[in-house]
**Q** 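Please read through the structure below; I'll follow up with questions.
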2 protein chains.
Amino acid sequence: MKSIVRLADVARHAGVSIPTVSRILNGVQTVAPELRERVMKSVEELGYQPNRMAKSLREQRTGILAHLTAGLNANFHATLARGVQDAAFDLGYTMILGSSHHLENGQSQLTYAKLFDSYRVDGMVVVPSSTPDPYLETLSSRIPIIEVDRTVGEYSRHAVLLNNAEVMGEAVRHLISLGHRNIALLYGIELVSTEVERYQGFMRAMKEGGVPVDPRFLISDDFTEEGGHRAFQRLVGSGLPVTAVVVTTNEMLAGVVGAARQLGVRIPEDISLIGMDDERWVRMMSPALTVMAQTPYEMGYEACRLLIQCVEGQPGNTPWLHRIPGQLVVRESTAPPRLSG
Amino acid sequence: MKSIVRLADVARHAGVSIPTVSRILNGVQTVAPELRERVMKSVEELGYQPNRMAKSLREQRTGILAHLTAGLNANFHATLARGVQDAAFDLGYTMILGSSHHLENGQSQLTYAKLFDSYRVDGMVVVPSSTPDPYLETLSSRIPIIEVDRTVGEYSRHAVLLNNAEVMGEAVRHLISLGHRNIALLYGIELVSTEVERYQGFMRAMKEGGVPVDPRFLISDDFTEEGGHRAFQRLVGSGLPVTAVVVTTNEMLAGVVGAARQLGVRIPEDISLIGMDDERWVRMMSPALTVMAQTPYEMGYEACRLLIQCVEGQPGNTPWLHRIPGQLVVRESTAPPRLSG
DNA sequence: CTGAAAGCGCTTACAG
DNA sequence: CTGAAAGCGCTTACAG
């Protein structure tokens, strides 16, 4: 393992002082052209690469941004992380990543937050776990933190969220326009903003559409594949004359599809189905599913871009909320209801 | 933004010297119990959190590991990254992530490698882009680098790879045992180890099974969805009496499925199909696909664990190769060939 | 325009 | 067992 080149080595090689090399490399102040040339040649020859740790320590900023996420298991979160990553890179930052082992493990999120804080990251974009984290609350008084995808509890910071109510409204209006009136909602029981807002969007759109909501058509369960499976089983088992169902998450959607197959419920002949997230499996299966499409890459990119704006700009204490639009993608899983008795 | 607590603050608060606090926190040397208690109380009260940047600079090791990957788009790579991440976390390291914008962008991989090197990461686990990178070559003389999933060109380092030839052999034997003899292979044209080894595994298994290979049944294209689509079109367009096809990558597999639908080729009635990677879409579509399953999480975890062993252990210059087994998962897309004329 | 000096927040020989 | 001093590799006032 050969030893690494330091600023001092370059200075000696070029026959100038250390600060001079530093100034040239950072483009600060004017420097005699002949010196600059000599130094640049030495840098090149020795293959000098500044030590960012030392630089960070001295400058009191690291150029590192942390991304805390619920987990890369879900395609949605992986894509969002890629957006964060690309924005960081494009704007000259480095991203450090922490994904909680278990999808909703608040404990490991806390551990990651502390760890990253000890590296003195310049800011964080976090997909909060489902329990509010007091440490992040404290941290946000020192560095900018942006929440993305969802918020939990009372949030007092900045957030980039899907326009949940709006897309949900599109979905409901689509079903109503097809003639459905017995529409069920399967949603996650967790108290996170995504679920709350999608639920509210559903209720509002039904009301605006003049379709009464039967509370027995509102079924909640874990927002996992198993949760979706159970919820759909309960719905069908209830014997209610439902003709369409909307599911709030992609995981639950997979469970619903599995349950429908198992129960012999045909889609869309027996029941129309609208899900969340435009993932490959949703397009590949038949019937291809109608879904509310999110743009996770853009959400991540935007969140990180705004974070950097906070990091580099003035403090700016007033919290803001940035909404990203979603879009209903109509495919084969939605059709007019059967004329049944 | 309130200012952060330093070691000096703790020392003053506890009425001891800075080195004493440092020693206590690092558990080095014996310290008078009463001092230790006083110091720990101050640490607690002030909420002290060591500055890892300063520590890193002094110790000449950062506790940061970098993961360079072709991109988080593919589920496979996202899951692998999660494995790397978890191993790093479990063993006391922090992971910094770099995913190239474009799946096969060697240029951005180089940029990331340099960036991470400037942070003086302790090691790297990299999924190499398809062009060999001389910088990584140089870097590996200074810090340990582990390649995972695939290697490119002459590799002289350590690698964790799927047992490609073995799983491919399983796939081929499965088809032969069903009675197939006209078996096609659709593979990626890129010169990466995965493609090369899967190709070789195919050839060997066919030979061992006593089934001659018609070179017209060997079709290569980009390892993307489009590439798979084209490859399958060409295969079917050729009019050859193929009864089964094996596809080396998940992306190409999606293209094959799309092309089959478009051409009205029924699976498995007309052609049996075996793909790669046990992803959700492969299970959700019908027929559910028979695939060679990899374990990306384990690959990532193992690669990172071995990396840390290198980082903490003696140099150990001899390159090694670690193989992870795959497994054929038989589902509905493979069946005996039709008795055709 | 250039260099000598101080300092970022730690750890680790070195004295005592 | 404890503290004063040096130093990790940089940058940035401060002199000249």
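FYI, side chains are in, hydrogens and waters are out, and symmetry mates aren't considered; it's all heavy atoms of this structure. All chains are named by letter (A, B, ...) in the order of the sequence lines, taking the proteins before the strands, and each is independently numbered beginning at 1.
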**Q** Which of residues 114-122 of chain B sit near DNA chain D, with a heavy atom under 4.0 Å from it?
**A**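 None, since no heavy atom is under 4.0 Å.
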**Q** Below 4.0 angstrom from OP1 or OP2 of dG7(C), is there any side-chain N or O of Gln60(A)?
**A**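 The answer is no; no side-chain N or O of Gln60(A) sits under 4.0 Å from OP1 or OP2.
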**Q** What does Ile18(B) touch in the nucleic acid at a heavy-atom separation under 4.0 angstrom: a base, only the sugar-phosphate, or nothing?
**A**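 Contact class for Ile18(B): base.
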**Q** For the residue pair Phe89(B) and Tyr112(A), does the interplanar ring angle fall in the parallel (under 30°), tilted (30 to 60°) or perpendicular (over 60°) class?
**A**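 Phe89(B) vs Tyr112(A) ring planes: tilted.
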**Q** Taking donor-acceptor contacts at under 3.5 Å, does the side chain of Arg23(B) reach the base of dG3(D)?
**A**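 For Arg23(B), whose side chain was compared with the base of dG3(D), there is a donor-acceptor pair (under 3.5 Å).
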**Q** Grab the stems for DNA chain C, please: at least three consecutive Watson-Crick or wobble pairs, both distances below 3.5 Å, written as range with range.
**A**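 Paired runs of 3+ in DNA chain C: C:1-3 with D:14-16, C:5-12 with D:5-12, C:14-16 with D:1-3.
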**Q** Is Ser22(B) near enough to dT11(C) that one of its side-chain N or O atoms lies under 4.0 angstrom from OP1 or OP2?
**A**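 Looking at the OP1 and OP2 atoms of dT11(C), one of them is under 4.0 Å from a side-chain N or O of Ser22(B).
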**Q** Can you tell me if the side-chain N/O atoms of Asn51(B) get under 4.0 Å from OP1 or OP2 in dC8(C)?
**A**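 So the side chain of Asn51(B) is outside the cut-off, no N or O lying under 4.0 Å from OP1 or OP2 of dC8(C).
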**Q** Between Asp9(B) and Arg6(B), does any NZ, NE, NH1 or NH2 come within less than 4.0 Å of an OD or OE carboxylate oxygen?
**A**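 Salt bridge: yes.
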**Q** Looking at the side chain of Thr20(A), which of dT2(C), dC10(D), dT12(D) is the nearest nucleotide?
**A**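 Side chain of Thr20(A) sits closest to dT2(C).
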**Q** Please figure out whether Glu34(B) or Pro50(A) has its closest DNA chain D nucleotide nearer the 5' end.
**A**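 First, find each residue's nearest nucleotide; the 5'-ward one identifies Glu34(B).
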**Q** Where the side chain of Glu59(B) is concerned, which of dT11(D), dT11(C), dC1(C) is the nearest nucleotide?
**A**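 Ranking dT11(D), dT11(C), dC1(C) by closest atom to the Glu59(B) side chain puts dT11(C) first.
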**Q** So does Leu65(B) get a backbone contact from the side chain of Asp122(B), meaning a donor-acceptor N/O pair under 3.5 Å?
**A**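 No, Asp122(B) side chain to Leu65(B) backbone: no donor-acceptor pair under 3.5 Å.
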**Q** If we only count heavy atoms from C-beta on, is the Val5(B) to Gln49(B) side-chain gap below 4.5 Å?
**A**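 No, side chains not in contact.
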